[in-house]
Peer 1: 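Submitted below is the structure of interest, expressed as structure tokens.
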Amino acid sequence: MDSVELPTDFEVTYERLAKAGRLGWRRREFLLRAFALGGLTARSLSASETRQVSDATRNADFFVRNHFAAPKLNDETWTLDVLGLVSKPVKLSYPDLVLMPSVRQAVTLECAGNPPGGTLVGTSVWSGVPLAALLKQAGVRQGATTVVLHGADSGDGDGMPPGTHFARAIPIEKAMEPSTLLAYEMNGDPLPAAHGFPVRALVPGWYGMDSVKWLTRIEVLDRPFAGYFQQERYVSVRGNGERQPITRMLVSSKMVRPSEGEEIRSGTYRVEGLAWAGERKIAKVQVRVSGSGDWQPATLRISPIAMVWTAWSYDWHIPRSGQYTLDVRATDEHGNIQPDARDPGRKDPYQLNTPHRVSVNVRF
């Protein structure tokens, strides 16, 4: 075995993880095992995804939203259980998961409570194993409808039972989609602790709470999940008492330039921003300048793809100095458009996708 030439992909993956100080097993054992199992084969980014990568968010700048303190997990002792309504329950170690055939994809995540123009949205290139691969290995039994993703983080407060763990459920159909991952890399590096190390779920096109961090258990059920964060949080609540679970991201957009209160000293200014629509593609972006009343078309920098935000720009020719407001709105491929005002019937703090407004002062 000493003379075996090991594939370059195995070397690269090992070195990447070892550099981050996240490998407790020995190099030789890792590489020989990888060679034997034939793992670490990552799907390359598509041409469209590659073009989107230039707009990816640096790990250090990616938003962090937790309900509890981040748990301290060790990749040498961490395990993932797949159980419930399955024929063969599965328990995987971190090396087991990393050695499985992997996928690399760009995905935009947004917090369900992100305000218009807010910072609780970001795009990264994620690498991991399709959740469907583990569910197939476990053998999902007939009648399964729900997959529960259990995180290691826990706590109490706000009326929740003591010791409540964060957990969210997704339909079996969403769990089996090829893009739904168990992610262990973010922008080419092992997941930072704040983003779910060693492994998190990645549920593209749905709000970020479903991409459960610090994943330790996957449970298959034949009924709706009755967890606290499924029934008491992340629910659309109307004044008449109607309640609906929040899942898919709505179409939204933001300006990244200019910023609120910025002073502009020229008669021409390029407004720039980002737009996203979850599982759907962006169809168009429009900008409105105070006083004009009309929505003007912005230019999309590249052809939009689903799951990933799209950069846009608008060349603003300013007629005179003064105070102005700028609004931006987006429309998705199915004609859904950001509403001018929040639905007055909604009584919850989620899905806040009205147009982003910025006020500026022009002097020239």
Peer 1: Taking the side chain as C-beta and beyond, is there a heavy-atom pair between Met176 and Leu135 under 4.5 Å?
Peer 2: yes

Peer 1: Indicate if Ile172 and Val148 have the same hydrophobic cluster label, given that clusters are the connected sets of ILVMFWY residues with side-chain heavy-atom separations under 4.5 angstrom.
Peer 2: no

Peer 1: What's the spacing between Ser127 OG and Asn187 CG if we round to 0.5 Å?
Peer 2: 9.0 Å

Peer 1: Spell out, as yes or no, whether a donor-acceptor pair under 3.5 Å connects the side chain of Ser93 to the backbone of Asp96.
Peer 2: yes

Peer 1: Show me the donor-acceptor pairs, under 3.5 Å and distance only, between side chains in residues 203-210 and residues at least two apart or in other chains.
Peer 2:
unit_1, atom_1, unit_2, atom_2, d
Trp206, NE1, Glu279, OE2, 3.0
Tyr207, OH, Leu250, N, 3.0
Asp210, OD1, Arg168, NE, 2.8
Asp210, OD1, Arg168, NH2, 3.2

Peer 1: Please lay out, stage by stage, how Tyr324 and Ile318 fare under the test side-chain contact (heavy atoms from CB on, under 4.5 Å).
Peer 2: CA-CA 10 Å; Tyr324 291 88; Ile318 310 172; 3.9 Å; yes

Peer 1: Heavy atoms, side chains only, cut-off 4.5 Å: are Pro178 and Val103 in contact?
Peer 2: no

Peer 1: Where the side chain of Arg288 meets the backbone of Arg329, is there a donor-acceptor pair that is under 3.5 Å apart?
Peer 2: no

Peer 1: Are the side chains of Asp55 and Arg301 in contact, using a 4.5 Å heavy-atom criterion?
Peer 2: yes

Peer 1: Using modelled atom types and a 3.5 Å cut-off, is there a donor and acceptor pairing between side-chain atoms of Tyr350 and backbone atoms of Tyr234?
Peer 2: yes

Peer 1: Is there a side-chain contact between Asp156 and Pro161 in this structure, where contact means two heavy atoms from C-beta onward sitting under 4.5 Å apart?
Peer 2: no

Peer 1: State, with a plain yes or no, whether a side-chain heavy atom of Val328 is found less than 4.5 Å away from one of Trp312.
Peer 2: yes

Peer 1: Out of curiosity, Glu110 CD to Thr119 OG1, how far, rounded to the nearest 0.5 Å?
Peer 2: 10.5 Å

Peer 1: Quick one: CZ on Phe364 to OG on Ser321, what's the gap to the nearest 0.5 Å?
Peer 2: 4.5 Å

Peer 1: Taking Thr325's backbone N and O only, do any of them form a donor-acceptor pair with Ser359's side chain (distance below 3.5 Å, no angle check)?
Peer 2: no

Peer 1: Kindly give the heavy-atom pair with the smallest separation between Gly322 and Asn361, and that separation in Å.
Peer 2: O-OD1, 3.5 Å

Peer 1: Hey, is the main chain of Thr123 close enough, under 3.5 Å, to the side chain of Thr57 for a donor-acceptor pair?
Peer 2: yes

Peer 1: Please say whether more than 12 non-hydrogen atoms of neighbouring residues, nucleotides or ligands are located less than 6.0 Å from CZ in Arg346.
Peer 2: yes

Peer 1: Could you measure the distance from the OG atom of Ser252 to the CG atom of Asn336? Nearest 0.5 Å is fine.
Peer 2: 12.5 Å

Peer 1: For residues Leu326 and Ile264: do they belong to one hydrophobic cluster (side chain heavy atoms under 4.5 Å, members Ile, Leu, Val, Met, Phe, Trp, Tyr)?
Peer 2: yes

Peer 1: Let me check something: any side-chain donor-acceptor pairs from residues 214-227 under 3.5 Å, sequence neighbours excluded? List them with distances.
Peer 2:
unit_1, atom_1, unit_2, atom_2, d
Trp214, NE1, Ala193, O, 2.9
Arg217, NH2, His150, ND1, 3.4
Glu219, OE1, His150, NE2, 2.8

Peer 1: Is any side-chain heavy atom of Phe197 closer than 4.5 Å to one of Trp78?
Peer 2: no

Peer 1: Give the ring-plane orientation class for Phe166 versus Phe229, where under 30° counts as parallel, over 60° as perpendicular and anything between as tilted.
Peer 2: tilted

Peer 1: Looking at Lys213 and Ala194, would you say the former's side chain and the latter's main chain have a donor-acceptor pair under 3.5 Å?
Peer 2: yes

Peer 1: With a 3.5 Å distance limit and no angle check, can you tell me whether Asn353 reaches the backbone of Gln338 through a side-chain donor-acceptor pair?
Peer 2: no

Peer 1: At their closest point, which heavy atom of Ala330 faces which heavy atom of Ala275, and how far apart are they?
Peer 2: CB-CB, 4.0 Å

Peer 1: Answer whether the closest heavy-atom distance between the side chains of Val82 and Gln137 falls below 4.5 Å.
Peer 2: no

Peer 1: Just say parallel, tilted or perpendicular for the rings of Trp126 and Phe62, cut-offs at 30° and 60°.
Peer 2: perpendicular

Peer 1: Of all heavy-atom pairs between Lys347 and Pro344, which one has the smallest distance, and what is that distance?
Peer 2: NZ-O, 3.3 Å

Peer 1: Leu134 versus Leu80: any side-chain heavy-atom pair under 4.5 Å?
Peer 2: yes

Peer 1: Is there a path of hydrophobic side-chain contacts, each under 4.5 Å between heavy atoms of I/L/V/M/F/W/Y residues, joining Met186 to Leu120?
Peer 2: yes

Peer 1: Following the transitive rule for hydrophobic clusters with a side-chain heavy-atom cut-off under 4.5 Å over Ile, Leu, Val, Met, Phe, Trp and Tyr, establish whether Val237 and Tyr228 coincide in one cluster.
Peer 2: no

Peer 1: Atom CE of Met160 and atom CZ of Arg233: how far apart are they, to the nearest 0.5 Å?
Peer 2: 5.0 Å

Peer 1: Is a side-chain donor or acceptor of Arg248 paired with a backbone partner of Gly278 at a separation under 3.5 angstrom?
Peer 2: no

Peer 1: When you measure from the side chain of Trp276 to the backbone of Val121, do you find a donor-acceptor pair of N or O atoms at a distance under 3.5 Å?
Peer 2: no

Peer 1: For the hydrophobic clusters of this structure (ILVMFWY residues joined by side-chain heavy atoms under 4.5 Å, transitively), does one cluster hold both Leu352 and Val235?
Peer 2: no

Peer 1: Locate the shortest heavy-atom distance separating His165 from Phe68; write the atom from each residue and the value.
Peer 2: C-CE1, 4.4 Å

Peer 1: Which heavy atom in Ser154 sits nearest to a heavy atom in Gly163, and how many Å separate them?
Peer 2: CB-O, 4.0 Å

Peer 1: Decide yes or no on side-chain contact (heavy atoms from CB on, under 4.5 Å) for Trp295 and Ile337, but give the supporting numbers first.
Peer 2: CA-CA 13 Å; Trp295 289 98; Ile337 189 168; over 6 Å; no

Peer 1: Please find the pair of heavy atoms, one from Pro116 and one from Pro355, that lie closest to each other, and give the distance.
Peer 2: CB-O, 4.1 Å

Peer 1: Please answer whether the main-chain N or O of Leu131 pairs with a side-chain N or O of Thr180 as donor and acceptor at a distance below 3.5 Å.
Peer 2: no

Peer 1: How long is the straight-line distance from CG of Leu83 back to NZ of Lys91, given to the nearest 0.5 Å?
Peer 2: 8.5 Å

Peer 1: Asp348 and Arg342: salt bridge (charged side-chain N to carboxylate O under 4.0 Å, His left out), yes or no, with the steps?
Peer 2: CA-CA 11 Å; Asp348 58 89; Arg342 170 78 162 170; 3.4 Å; yes

Peer 1: Evaluate the side-chain contact (heavy atoms from CB on, under 4.5 Å) criterion for residues Met100 and Leu92: first the C-alpha distance (whole Å), next the side-chain angles of each, then the deciding distance (0.1 Å), finally the verdict.
Peer 2: CA-CA 11 Å; Met100 294 180 68; Leu92 293 175; 4.3 Å; yes

